[in-house]
Amino acid sequence: MPELPEVEVVKRSLENKVRNLIIKTIKIKDSNLRYKINKKKLIKLYGLKFKKIQRKSKFLLFFFDRPLVMLVHLGMTGKFFFENKRKKYKTSFYYNLSKKKNNVHDRVVFLLEGKKKLIYNDVRKFGFIKLIGLNYNENVHLAKLGPEPLSKFYNLNYFKKKIIKRVCSVKSLMMDQKFVSGLGNIYVNEILFLSGVRPTRKVSTLKDKEIKKITKFTKKIINDAINAGGSTIKNFSIDDGKKGVYQQKFKVYGREGERCSNTDCSKSIIRVIIANRSTFYCPKCQK
DNA sequence: CCGTTAACCTGAGAGC
DNA sequence: TGCTCTCAGGTTAACG
């Protein structure tokens with residue numbers, strides 16, 4: 001589901017709600033996420049108090065008043081609900097479950113003090129929750145991540161250095177979390193459109209000027225998307241006022257057959273498959 | 001090491 | 001109404 005901007009919005013939305021709350025009990029309603037939840041490990045969180053939440057690329061790290069870290073990846077459809085007596089808050093990107101009870105995909109429920117709840121809900125179960133130590137940078141999921149798109153290390157020189165030995169398409173490269181961490185299918189499509197670069201281009205053929213555009217528009221789009229509250233797809237209802245609206249700005253993603261948004265272009269957006277993912281571009285504006 | 005493909009899981013929406 | 005098919009914001013094991 002979520003790429004860097006959405007995970008960042010979840011982090012910001014959740015942090016103030018759970019900070020300093022103590023976990024009373026954890027109910028595992030379905031342990032079969034991407035990795036089976038180790039219940040014996042997870043109950044180490046009983047009695048611990050939530051402190052800060054950190055985001056690393058598409059991962060969330062929950063810190064406590066003990067040296068333990070809860071590592072969460074939302075996969076495609078993972079989301080959090082926060083509930084208090086009066087209200088149920090959803091983090092953005094609510095998958096449409098309008099015809100069914102919306103709690104059938106609750107997987108893990110953290111019962112907090114004051115009858116508050118933090119609920120992890122995940123339709124497709126591609127997300128995961130793991131308990132790790134403070135040396136989280138050595139964790140297998142985090143150790144090999146490339147720089148974040150907003151980092152100063154993601155620039156022309158880095159890009160050129162990394163593509164020397166590679167023969168893949170620019171789309172595949174940017175989806176590779178070891179190259180740059182946090183981008184996904186939507187934002188890579190959008191970045192390449194604004195950069196005027198066709199997703200199928202082999203990285204060896206990229207000109208400096210094009211790489212500069214790609215890094216520049218990466219930062220712009222990711223910043224804009226965070227400021228827009230991320231993108232909300234298949235949304236049914238968001239009741240905490242934090243619904244993401246960046247999807248209104250999509251120029252190519254999901255727009256197969258529609259006219260290119262550039263005013264001087266009359267071509268239609270086409271869709272191809274790259275690395276098993278839908279890829280959208282304008283055949284005229286993207287060279 | 002690199003690139004590609006399939007697999008993991010569940011539901012929505014289109015077409016018939 | 002119901003069946004079948006394709007698609008979905010991600011990651012990674014297995015293979016050449």
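So that the names make sense, note that chain A is the first sequence line, chain B the second, and so on, each numbered from 1.
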Name the closest nucleotide to the [X] side chain, picking from [options].
X: S278(A); options: dA8(C), dC8(B), dG9(C); result: dA8(C)
X: S231(A); options: dG9(C), dG11(B), dA8(C); result: dG9(C)
X: Y253(A); options: dG10(C), dA8(C), dT4(B); result: dA8(C)
X: C168(A); options: dT4(B), dG10(C), dT10(B); result: dT4(B)
X: K125(A); options: dC9(B), dA8(C), dT11(C); result: dC9(B)
X: H141(A); options: dT12(C), dG3(B), dT10(B); result: dT12(C)
X: Q177(A); options: dG3(B), dT11(C), dA8(C); result: dT11(C)

Quantified in whole Å, what is the [atom1] atom distance between nucleotide [N] and nucleotide [M]?
N: dG11(B); M: dT12(C); atom1: P; answer: 24 Å
N: dG9(C); M: dG3(B); atom1: C1'; answer: 23 Å
N: dC7(C); M: dT5(B); atom1: P; answer: 15 Å
N: dC9(B); M: dA14(C); atom1: P; answer: 15 Å

How close or far is atom [atom2] of [N] from atom [atom1] of [X], stated in whole angstroms?
X: K144(A); N: dT12(C); atom1: NZ; atom2: P; result: 11 Å
X: K130(A); N: dT11(C); atom1: NZ; atom2: P; result: 14 Å
X: L71(A); N: dT11(C); atom1: CG; atom2: P; result: 12 Å
X: I164(A); N: dC2(B); atom1: CD1; atom2: P; result: 12 Å
X: L173(A); N: dC2(B); atom1: CG; atom2: C1'; result: 12 Å
X: K79(A); N: dG10(C); atom1: NZ; atom2: P; result: 14 Å
X: R255(A); N: dG9(C); atom1: CZ; atom2: P; result: 15 Å
X: D122(A); N: dT10(B); atom1: CG; atom2: P; result: 10 Å

Main-chain N/O of S172(A) paired with D176(A) side-chain donor or acceptor, under 3.5 Å | no
Just by distance, do the side chain of Q177(A) and the backbone of G182(A) share a donor-acceptor pair under 3.5 Å?
-> yes
Beyond-backbone contact of S169(A) with R201(A), side-chain heavy atoms, under 4.5 angstrom = no
Salt bridge present between K27(A) and D106(A) (N-O < 4.0 angstrom) = no
Using a cut-off of less than 4.0 Å, is there contact between a side-chain N or O of [X] and OP1 or OP2 of [N]?
X: Y35(A); N: dT11(C); result: no
X: K165(A); N: dC1(B); result: no
X: H73(A); N: dT11(C); result: yes
X: K178(A); N: dC2(B); result: no

Ring centroids of F126(A) and dC9(B) base under 5.5 Å with planes under 30° | no
Sugar-phosphate only, base, or nothing, as touched by R166(A) at under 4.0 Å among non-hydrogen atoms = sugar-phosphate
Establish, for the pair K44(A) and Y46(A), whether the NZ or CZ atom is under 6.0 angstrom from the six-membered ring centre and no further than 45 degrees off its axis.
-> no
K117(A) to F110(A), cation-pi by 6.0 Å centre distance and 45° axis angle = no
Is it true that M70(A) and L68(A) fall in one hydrophobic cluster, defined by side-chain heavy atoms closer than 4.5 Å?
-> yes
N/O donor-acceptor pair, side chain N185(A) with base dA8(C), under 3.5 angstrom | no
Residue mapping more 5' on DNA chain B - nearest nucleotide basis, V203(A) or N276(A) | V203(A)
Per side chain to side chain contact (heavy atoms under 4.5 Å, CB included), L192(A) is matched among T218(A), V170(A), V252(A) by V170(A)
Stem segments of DNA chain C by first residue number [Watson-Crick or G-U, under 3.5 Å, at least 3] = B:2-8 with C:10-16, B:10-16 with C:2-8
For R277(A) and for R271(A), find the nucleotide of DNA chain C with the closest heavy atom, then tell me which residue's nucleotide is more 5'.
-> R271(A)
Any chance you could lay out the side-chain contact (heavy atoms from CB on, under 4.5 Å) test for Q247(A) and T232(A), step after step, and finish with the verdict?
-> CA-CA 6 Å; Q247(A) 70 280 5; T232(A) 310; 4.0 Å; yes
